[in-house]
Q: 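Pasting a structure here, questions to come.
Letters go in sequence order (proteins before strands), and every chain restarts at 1.
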Amino acid sequence: MEPKITEKAWEPKLEDAILKKWDDEKLYDFKLQDENYTIDTPPPYPSGRPWHIGAASHYSQIDMIARTARMNGKNVYFPIGIDRNGLPVELYTEKKHNIRMRETERGEFLNLCKGALDDLEAEMIQIMKSLGLSGDFKNYYRTDSEEYRKFTQETFIDLWKKGVIYLATRPNNYDWVSGTTIADAEIVYDDLPTKLVYMKFIVKDEQKEIIIASTRPELLCACKTVIVNPDDERYSNLIGKNLVVPLTNKEVKITPHHSAKIEFGSGAVMVCSYGDQNDVALFRELQLEEVIAIGLDGRMTEAAGDYQGLKPKQARTKIIEDLENANLVEKIEDISHRTPLSERSKIPIEIVPMEEYYLKQKDSIEKMKRLGSEIEFYPNMHKQILMNWLESISIDWPISRRRFYGTEIPIWYCNECSEPFVPEPGKYYRPWKDSCPAEKCEKCGNTEFTGEDRTFDTWMDSSISPLFVTKFNRDDEFFKKTYPTGIRPQAKDIVRTWLYYTLLRCEKLTEQKPWSEAWIMGYGLDEKGMKMSKSKGNAIDPLPVIQKSGADTFRFWSASEINQGYDFRCSEQKIESTKKFLSKLWNVSRFLSSFPIIESGKLTDSDKWILSELDKLISVCNEGYSKYNFFIPATALREFTWNIFAAQYIEIAKARAYGIGFDDDERDGAIFTLHKVLSTILKLLAPITPFITEHLWLTLYSKNSIHKEQLPKIENVEDMTNMTQAIVEFNSKVWNEKKKNNLSLKDSIRIEIPDNLNQFKKDLIAMHNLETS
RNA sequence: GGGCUCGUAGUCUAGCUCGGUUAUGACGUCGCCCUUACACGGCGAAGAUCCGGUGUUCAAAUCACCGCGGGCCCA
């Protein structure tokens, strides 16, 4: 019989046609049933956050979760979304058009951002599709759509009514030249010359002074404590004593803290609100009460006393003079200091407390711990990231951002009495351009309002993804049947943010956990072991790799190379060499395609042996799949297909399958077994390599997609796997003997078959053309 | 600076829970071989002080402690 398959190797270009076929047949369209398995797919961000080979690998594996669940009989809801809110696109847009956000009309700036996102998103969707993701692309959502933002605002209004939102000050990076807060990503550092002033602080009730060096003497008025290293013997007897701050004459305590460097300055450091980020951390950690020393105009506030109204630099000069006049300076050094500057204006930033909205979270920590413990993590070790984070939360969640491209905070303020007005849910509000829905202020009756111009932290949007995709508050039937969702797949680095905030938000809104399982993936590293990211420039673009090697090759590489939850190195050479396995599978199939498909036959012991190995394989694969660990089935399938099935069994059964020296029943037993094994392998492999398995399945076995099949179950056949080693060793011995004696493989040779292989005697004689005595 | 996490050949990995042959398999490298499913193949070889040290033990990749290194998150 002529083989049905004639090409000598798997051609990745066939993937396009298969994709089209799936699309035409609406193979993965979701229809709501009573029981559904919902995947809370991470919506990728089209700029800034990395989209590279590691991310492509991540999404491939998420698709394997979907396909595995489908082949286990679940009705899978696999939504696709794109996360489009946040800072990175703003920075990208500013750079691309050489403009500044604050100096551009807001509507115009938003349009430019949208345009940039659209371009980047199109490319991203193309990658996801060509990877073979079986998600719901027709209905893919965007977190900046009117519907999504309306939903974010609704959930905020709900929280507002529940009284868990409040205002408090929070230190912001502030650029007083442009009058804006700036994000950490917009800070650059430069070494600038400055004066390190050694000031005399008096130890209270003792005739002693200690020297404290600072580059920011103008912040003396905001000094709340002095820290010394607990190992610093010079100060160990002063810990807990009070110091008198020069000029202000206020008293502060000496506190031990490891962040004080013994060798820097005098070893004692004054902590002020706020000289640098370390001060911010210390104020929080030591629960100090902040003093607002520098105002939004970039000048010293009334807290600075005589220095009020001066710019920090002028105040510094004046203060140094006054200190010197009062004989409170020991010495002044000229040093070079690493100073944080605004990327735009190039002036040193100040850290200024400003009012921000907070969402209460500290009182939910115990509840979060309980929910966290109820969620199954894959791998379990990464649950620790969440639990450690819960242990270390010390402040509530600041949710407002002074940015443009995000969901607007739906609040207006009365122009007269500043009373906030929060509208009813049901509409997408843009207070920076919409007029206030209220006629007049509820408190004072005034009719003029000013809209809030801030937006939410992007995690406010993305943390409700499981509620959005399950149509919470929008379609009760749909929601009931899909929530809590089945699984949250996501990357390790955002457990503390996305995973935690989702838990928090969903619990507050639904009093339930958002999913019963969380699947945590590691990061893609480059060949040197560094995390891949666009900003570092070491990211490998996945598209050319997929186009060259094919999605299945890429997917099999991902499954077989990446241990669950661990970071993984990406090497194009390894991806390329993975193709060989698909080639092997292809050629096994090509060989089998020359034999008819038959329903049964008389099984010999060789057949029973490979079927028992197959049973073991099914068991291992299902075990791996049940833990969403694709490394296990991928490596087990490769090992079995290549080294057991192709290298041993096919060679053993080949002569019998051709019917040379065997009767028809025996021949049929071989052909039946060959097809049984191959069709099982294809089904087991289908979640990992959906294209090649589909192609081979349709060519050999069925008119219907392999992705409609169920994963094979074990048949509990008699276990003969203890024979495997003896079989492999004997065959290897014969092949080596022939090689040593310069014999061709079909030449006859005299080698005795060991007694324990007697049951395979007939097959082995035919296989090796053994001379028998 | 703090926390977490990992550390087995050039690379990925099995073994570690519960200590016991020569440390598993794959990719890559090198050598030989076109044998009719497959040269994207077959056969074979080299390649690992199991991160280091100390301890427990007759015996440690495996257990304990102390380091070192990578990575991430937070600051």
Side-chain angles (χ1 to χ4, degrees), chain A residues 3 5-12 184 229 257-261 276-285 379 381-389 391-394 491-497 500 520 522-533 549-550 553 557-571 573-595 631-632 634-636 638-640 642-647 650-651 654 657-658 674 678 731-732 734-740 742-747 768-769:
Chain A
I5 300 170
T6 50
E7 299 82 3
K8 281 183 112 179
W10 164 242
E11 177 50 67
D184 291 343
N229 195 294
H257 199 273
H258 52 78
S259 70
K261 293 194 184 74
D276 57 24
Q277 282 297 336
N278 195 43
D279 283 343
V280 175
L282 284 163
F283 264 72
R284 187 177 298 166
E285 184 183 330
M381 67 175 178
H382 287 334
K383 183 182 277 201
Q384 206 53 36
I385 303 175
L386 173 67
M387 291 308 179
N388 292 335
W389 173 236
E391 286 299 331
S392 64
I393 289 173
S394 59
K492 190 170 81 175
D493 50 351
I494 51 174
V495 169
R496 291 176 168 202
T497 48
Y500 164 69
I520 311 294
Y523 327 105
L525 310 176
D526 67 12
E527 304 205 6
K528 290 180 189 129
M530 301 291 278
K531 186 182 178 186
M532 235 183 237
S533 68
S549 307
T553 300
W557 165 79
S558 170
S560 65
E561 193 82 359
I562 301 172
N563 207 355
Q564 190 178 38
Y566 288 85
D567 300 347
F568 52 96
R569 292 196 189 195
C570 300
S571 134
Q573 174 258 314
K574 277 218 156 182
I575 296 170
E576 186 58 25
S577 67
T578 305
K579 213 162 144 189
K580 290 184 178 181
F581 171 65
L582 299 188
S583 226
K584 192 74 189 178
L585 180 70
W586 179 268
N587 278 297
V588 167
S589 306
R590 184 157 79 99
F591 174 60
L592 294 213
S593 76
S594 59
F595 298 104
F631 179 84
I632 293 171
T635 49
R638 181 175 55 196
E639 173 67 15
F640 174 84
W642 208 317
N643 294 335
I644 310 279
F645 184 52
I650 291 183
E651 296 302 331
K654 197 186 274 180
Y658 281 133
L674 284 166
L678 178 62
N731 287 337
S732 184
V734 177
W735 287 323
N736 278 325
E737 280 296 311
K738 286 191 176 177
K739 187 179 183 187
K740 209 162 35 175
N742 270 329
L743 293 172
S744 139
L745 286 182
K746 56 188 171 189
D747 287 342
H768 295 298
N769 193 11

Q: Counting distance only, does the side-chain N/O of A/H257 pair as donor-acceptor with the main-chain N or O of A/N229 below 3.5 Å?
A: no
Q: For B/A37, does either OP1 or OP2 sit under 4.0 Å from a side-chain N or O belonging to A/Y658?
A: yes
Q: Does any N or O in the side chain of A/T578 come within less than 3.5 Å of the main-chain N or O of A/T553, such that one atom is a donor and the other an acceptor?
A: no
Q: Of A/S583 and A/R638, whose nearest nucleotide on RNA chain B comes first from the 5' end?
A: A/R638
Q: Counting any heavy atom closer than 4.0 Å, what does A/A646 reach on the DNA or RNA strands: base, sugar-phosphate only, or nothing?
A: base
Q: To the nearest 0.5 Å, what is the distance between CG (A/L582) and CH2 (A/W10)?
A: 8.0 Å
Q: Suppose you measure atom P in B/U17 against the same atom in B/U54; what distance do you get, rounded to whole Å?
A: 22 Å
Q: Using Watson-Crick or G-U wobble geometry with both distances under 3.5 Å, which nucleotide pairs with B/A9?
A: none
Q: With rounding to whole Å, what would you report as the distance between B/C74 and B/G15 at their C1' atoms?
A: 35 Å
Q: Keeping A/S583 on the side-chain end and A/K580 on the backbone end, is there a donor-acceptor pair under 3.5 Å?
A: no
Q: Say you pick atom P in B/G67 and the same atom in B/U49; how far apart are they, in whole Å?
A: 25 Å
Q: Give a yes or no on whether the backbone of A/D747 and the side-chain of A/K738 come within a donor-acceptor separation of less than 3.5 Å.
A: yes
Q: Could you tell me how far B/G53 sits from B/A60 if I compare only their P atoms? Round to whole Å.
A: 13 Å
Q: Partner of B/U21 by Watson-Crick or G-U wobble geometry, both contacts under 3.5 Å, or none?
A: none
Q: With a non-hydrogen cut-off below 4.0 angstrom, is A/K738 in contact with a base, only sugar-phosphate, or nothing?
A: nothing
Q: In whole angstrom, what separates A/W642's CH2 from B/C40's P?
A: 11 Å
Q: Find the distance A/E576:CD to B/C27:P and express it as a whole number of Å.
A: 15 Å
Q: For B/A45, which nucleotide in any strand shown is its Watson-Crick or wobble partner with both distances under 3.5 Å?
A: B/U29
Q: For the side chain of A/M381, counting heavy atoms from C-beta on, which of B/A75, B/U5, B/C12 is nearest?
A: B/U5
Q: Would you classify A/S589 as touching base, sugar-phosphate or nothing, given that sugar-phosphate means primed atoms plus P, OP1 and OP2, and contacts are heavy atoms under 4.0 Å?
A: nothing
Q: Please state how far atom CD1 in A/I494 lies from atom P in B/C74, giving the value in whole angstrom units.
A: 11 Å
Q: For a quick test of reading the model: is some side-chain N or O of A/N388 closer than 4.0 Å to OP1 or OP2 of B/G2?
A: no
Q: Side chain of A/V588 only, heavy atoms from C-beta on: which candidate in B/A37, B/C12, B/C73 is closest?
A: B/A37
Q: Whole Å only: how far is the CG atom of A/D276 from the C1' atom of B/G1?
A: 12 Å
Q: How would you label the contact of A/F581 with the nucleic acid (heavy atoms, under 4.0 Å): base, sugar-phosphate, or nothing?
A: nothing
Q: Determine the Euclidean distance between corresponding C1' atoms of B/A9 and B/C27; express it in Å to zero decimal places.
A: 12 Å
Q: What's the CD-P distance between A/E285 and B/G3, to the nearest Å?
A: 11 Å
Q: In whole angstrom, give the distance that lies between atom CD1 of A/I575 and atom C1' of B/U11.
A: 13 Å
Q: Select one nucleotide: of B/A37, B/G71, B/C6, the one nearest the side-chain heavy atoms of A/D567.
A: B/G71
Q: Whole angstroms only, please: what is the CD1-P distance between A/I632 and B/A14?
A: 9 Å
Q: Look only at the side chain of A/N587 and the backbone of A/R590, and say whether a donor-acceptor pair between them is shorter than 3.5 Å.
A: no
Q: For A/A9, report the nucleic acid contact type (base, sugar-phosphate, nothing); a contact means any heavy atom under 4.0 Å.
A: base
Q: Classify A/N736 by what it touches in the nucleic acid, base, sugar-phosphate, or nothing, heavy-atom distance under 4.0 Å.
A: sugar-phosphate
Q: Provide the distance between the two P atoms, one in B/C40 and one in B/U36, to the nearest whole Å.
A: 15 Å
Q: Which residue, A/K580 or A/E639, contacts RNA chain B at a nucleotide closer to its 5' end, judged by nearest heavy atom?
A: A/E639
Q: Taking atom P of B/U13 as reference, at what distance in whole Å does atom CZ of A/F568 sit?
A: 11 Å
Q: Kindly indicate whether the side chain of A/S577 and the base of B/C27 share any N or O donor-acceptor pair separated by less than 3.5 Å?
A: no
Q: When you measure only distances, ignoring hydrogens and angles, does the side chain of A/K584 come within 3.5 Å of the base of B/C38 through a donor and an acceptor?
A: yes
Q: A/D493 side chain: which of B/C73, B/C40, B/C38 is closest?
A: B/C73
Q: On a whole-Å scale, what distance lies between the P atoms belonging to B/C51 and B/U62?
A: 8 Å
Q: When we call it a touch if two heavy atoms are under 4.0 Å apart, what does A/Y500 touch: a base, just sugar-phosphate, or nothing?
A: nothing
Q: Measure from the side chain of A/E561, starting at C-beta and using heavy atoms only, and say which of B/C12, B/C38, B/C40 lies closest.
A: B/C12
Q: Under 4.0 Å: is that the gap between some side-chain N or O of A/S732 and OP1 or OP2 of B/G44?
A: yes
Q: If pairing requires Watson-Crick or G-U wobble contacts with both distances under 3.5 Å, which nucleotide is the partner of B/C72?
A: B/G3
Q: Please tell me whether A/H768 and A/E651 have a donor and an acceptor in their side chains that are separated by less than 3.5 angstrom.
A: no
Q: Determine the Euclidean distance between corresponding P atoms of B/C16 and B/C33; express it in Å to zero decimal places.
A: 42 Å
Q: Would you classify A/E651 as touching base, sugar-phosphate or nothing, given that sugar-phosphate means primed atoms plus P, OP1 and OP2, and contacts are heavy atoms under 4.0 Å?
A: base
Q: Please give the nucleotide sitting opposite B/A64 as a Watson-Crick or G-U wobble pair, both distances under 3.5 Å, or none.
A: B/U54
Q: Nearest 0.5 angstrom please: A/E576 CD to A/S549 OG, how far?
A: 4.0 Å
Q: May I ask you to decide if A/T497's main-chain N or O and A/W389's side chain share a donor-acceptor pair within less than 3.5 Å?
A: no
